[in-house]
Amino acid sequence: MDYGKFKYEQQKKANEARKKQKVIEIKEIKMRPTIDDHDYDTKMKAMQRFFGEGDKVKVTLRFRGREMAHQHLGMALLTRIQKDTETFAKLEQYPKMEGRQMMMVLAPR
């Protein structure tokens, strides 16, 4: 068997496999703890689109000023997001505080 031909065939198979694979990106959705219903719905539609494309979504809540004293509102919002997306997404990273931001990561089911 010709070794050069074998190497060429292996290279072609590897290139073909690389073309067909999907790179999973992490999309970020930024919100504030006092987000209104319509804005929330708009962000949820964007999240559904991202999950449909097979991407992960990182939800970031930014706290400003005295909102830092009411972190329970942010936690309630993140649990609401988790419940609204549980049919098509699973929780990958639990909500955690990082400075003035609270974040969690959701992955498509």
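- Nearest heavy-atom pair, Phe63 versus Met97, reported as atom, atom and distance to 0.1 Å: CE1-SD, 4.0 Å.
- To the nearest 0.5 Å, atom CD of residue Gln71 and atom CG of residue Leu73 are 10.0 Å apart.
- Remark: Asp41 CG to Met44 CE distance equals 8.5 Å, nearest 0.5 Å.
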Passes side chain to side chain contact (heavy atoms under 4.5 Å, CB included), Met102 versus Leu77? Steps please.
CA-CA 11 Å; Met102 186 179 285; Leu77 179 62; over 6 Å; no

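- The closest side-chain heavy-atom distance from Tyr94 to Val105 is not below 4.5 Å.
- Legend: residues meeting salt bridge (charged side-chain N to carboxylate O under 4.0 Å, His left out) with Lys58, ordered by chain and number and at least two apart, are absent.
- Two residues are said to be in side-chain contact when any heavy atoms from C-beta on lie closer than 4.5 Å; Pro95 and Met103 fail this criterion.
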Derivation of the side chain to side chain contact (heavy atoms under 4.5 Å, CB included) call for Leu106 and Gln93:
CA-CA 7 Å; Leu106 298 166; Gln93 182 180 353; over 6 Å; no

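- Lys43 places a side-chain N or O within 3.5 Å of a backbone atom of Lys30 that can act as its donor or acceptor partner.
- Cation-pi geometry between Arg109 and Phe51 is not satisfied (NZ or CZ under 6.0 Å from the ring centre, within 45° of the ring normal).
- The pair Arg100-Glu67 does not count as a salt bridge, with every side-chain nitrogen at least 4.0 angstrom from each carboxylate oxygen.
- Separation of atoms CZ (Arg64) and OG1 (Thr34) is listed at 9.5 Å; rounding is to 0.5 Å.
- A pairwise comparison of heavy atoms in Phe88 and Asp84 identifies CE2-O, 4.0 Å as the closest pair.
- Using a 4.5 Å heavy-atom cutoff, the side chains of Lys56 and Ile24 are in contact.
- Separation of atoms CE (Met75) and OG1 (Thr79) is listed at 7.5 Å; rounding is to 0.5 Å.
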With side chain to side chain contact (heavy atoms under 4.5 Å, CB included) as the test, would you mind laying out the steps for Val57 and Ile26 before giving the verdict?
CA-CA 5 Å; Val57 175; Ile26 297 182; over 6 Å; no

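- Between Leu61 and Arg32 there is no side-chain heavy-atom pair separated by less than 4.5 Å.
- Under 4.0 Å is where a charged nitrogen must lie from a carboxylate oxygen, and between Lys90 and Glu92 no such pair does.
- Counting all heavy atoms, side chain and backbone alike, Met31 lies closest to Ile29 at CE-CG2, 3.9 Å.
- The residues Glu25 and Lys27 are annotated as salt-bridged, a charged nitrogen and a carboxylate oxygen being separated by less than 4.0 angstrom.
- There is no side-chain donor-acceptor pair under 3.5 Å between Gln101 and Thr60.
- Exactly one residue among Lys45, Glu53, Met47 makes a side chain to side chain contact (heavy atoms under 4.5 Å, CB included) with Arg49. That residue is Glu53.
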